[in-house]
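A quick note: this is a predicted structure, and the numbers were derived from the prediction, not measured.
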There are 2 protein chains.
Amino acid sequence: MNKLKPRGENDATAVDVTDLILNDIQTGVLAPGSWLKQIDLERRYQCTRPEVRRALDRLAQRRLVEHVPNRGYHVFEPDGRQATEISEIRVLLETGVADKVVANASSLDIQALRSLASRFDRMILEGTPIQLYEANLAFHHRLLSLCGNEELVNLVTEIRQRTSSAPVAQWKTRARIEQSSREHHEMIDAIAAGDAAALRDAITRHIRQN
Amino acid sequence: MNKLKPRGENDATAVDVTDLILNDIQTGVLAPGSWLKQIDLERRYQCTRPEVRRALDRLAQRRLVEHVPNRGYHVFEPDGRQATEISEIRVLLETGVADKVVANASSLDIQALRSLASRFDRMILEGTPIQLYEANLAFHHRLLSLCGNEELVNLVTEIRQRTSSAPVAQWKTRARIEQSSREHHEMIDAIAAGDAAALRDAITRHIRQN
DNA sequence: TTAGCCAAAATTGGCGCCAATTTATGGTAA
DNA sequence: TTACCATAAATTGGCGCCAATTTTGGCTAA
């Protein structure tokens with residue numbers, strides 16, 4: 001007798017509805033401010049009512065959607081103050097471990113980072129906004145992982161989601177995208193040179209975007 | 001016709017079950033590692049099954065309890081690595097805004113902090129461990145609020161909960177409690193003297209506890 | 001006496017129904 | 001014509017039941 005689980009025909013059902021909704025919020029499919037009706041979500045993601053409600057509750061906990069009792073849930077719109085404050089938190093955390101990043105980076109790591117930065121550059125020309133967004137995420141994740149503090153990496157990825165409801169739209173102009181690209185390479189150069197101060201500077205400008 | 005809601009005999013039912021369980025975890029009533037059976041919680045807090053499950057799901061999201069599919073939920077026990085990493089995050093955040101704290105602190109704020117520190121001292125002698133814990137929380141909350149970054153204050157209170165499942169037991173010895181008390185006053189003195197560097201130093205030692 | 005297996009009890013977790021509240025609609029009176 | 005109210009439709013959210021899985025207890029055989 002095999003103890004293998006029966007498994008429905010499609011194994012891809014393993015992903016949670018929460019992630020699906022989250023993804024649609026981040027890619028801007030579900031616009032900031034719009035109301036999320038349970039019936040619609042139920043049909044859109046082919047899932048049951050309780051699943052939808054659990055997902056909405058989770059997203060409300062993460063403050064990605066806002067809950068108004070007896071009215072429903074709508075996509076959260078962070079105001080300017082919150083966005084600034086969250087950026088400032090990121091600056092503190094990411095510059096705070098800059099010296100660790102520099103210390104831990106092997107030549108192999110630097111090589112990998114260059115590859116990820118190039119991938120970002122390529123996506124500017126050839127990719128969709130979502131692919132660009134994901135390439136950016138991958139670069140930053142790899143970079144930050146060098147600090148050795150796993151909890152910090154998790155925390156930053158978590159609060160990065162809070163910054164903007166539709167992070168795909170974070171780069172308003174082509175000029176800003178290319179500036180981001182340059183900053184990526186600047187960060188790598190700073191790491192390669194072992195210059196933590198330069199890295200901190202590049203990170204700060206990159207996050208504050210000015 | 002009055003449109004007042006009927007309201008059950010006890011209005012105190014306004015609080016969420018999540019907070020009740022959270023409180024019992026933090027005060028150590030629900031010990032780290034112990035299993036949280038839905039039936040028990042249902043009876044203990046006089047609430048329904050769905051309420052219990054929602055609360056457990058929320059606490060699992062906050063990583064205060066761990067969920068094992070088809071097995072249940074048990075109070076999370078952070079290992080040494082995680083505890084250290086989280087402490088390091090707190091050091092980065094709280095020392096990072098030390099200069100802001102110093103800059104924004106009015107003499108009235110300093111007075112309030114002295115009062116809260118004294119309250120902590122009083123609770124060492126007269127209070128229960130829980131009261132001591134809460135006095136400590138109040139002091140740190142007031143201090144950190146001076147940085148002006150509301151999001152950061154919320155984030156720190158949130159991750160502080162993750163540090164230890166039973167934070168009441170964080171002070172193992174009487175000597176350590178009194179050391180904490182001295183550090184509190186040290187922080188206030190640094191703020192009063194406008195010495196951000198001294199404040200950073202005191203905060204770092206206080207969080208790392210060594 | 002001990003190891004392994006089978007059955008029963010307990011626990012988790014998915015799903016749907018129905019009441020309560022809110023929003024939309026249409027009709028009526030000023 | 002417009003403002004207001006009452007009725008109807010739609011949506012949210014609470015609650016309980018039952019299936020699936022796991023654990024426990026006891027029995028049998030080596």
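Following rounding to the nearest Å, A/R54 (CZ) and C/dG16 (C1') show an atom-to-atom distance of 16 Å. If you measure from atom CG of A/L56 to atom C1' of D/dT11, you get 13 Å, rounded to the nearest angstrom. Protein atom NE2 of B/H74 is 15 Å distant from nucleotide atom C1' of C/dT12, rounded to whole Å. Rounded to whole Å, atom P of D/dT11 lies 8 Å from atom CG of A/D40. Atom NE2 of B/H67 is separated from atom P of C/dG14 by 8 Å (rounded to the nearest Å). The separation between A/Q38 atom CD and D/dT12 atom P is 4 Å, rounded to whole Å. Rounded to whole angstrom, the span from the CD atom of A/E42 across to the P atom of D/dT12 amounts to 10 Å. To the nearest angstrom, C1' of D/dA20 lies 16 Å from CZ of B/R71.
The base of D/dG14 does not come close enough to the side chain of B/R49 for any donor and acceptor atom to sit less than 3.5 Å apart. Residue-to-nucleotide contacts include a donor-acceptor pair under 3.5 Å from the side chain of B/R53 to the base of C/dG14.
Note: A/F120 and A/H184 have perpendicular aromatic rings, judged against thresholds of 30 and 60 degrees for the angle between ring planes.
Contact annotation: A/T48 side-chain N/O to C/dC15 OP1/OP2 distance is under 4.0 Å.
The residues A/E158 and B/R162 are annotated as salt-bridged, a charged nitrogen and a carboxylate oxygen being separated by less than 4.0 angstrom. Checked for salt-bridge contact, B/R122 and B/E126 miss the test: no charged N lies under 4.0 Å from a carboxylate O.
Nearest approach of A/L199 to A/A98, heavy atoms of both residues: CD2-O, 3.8 Å.
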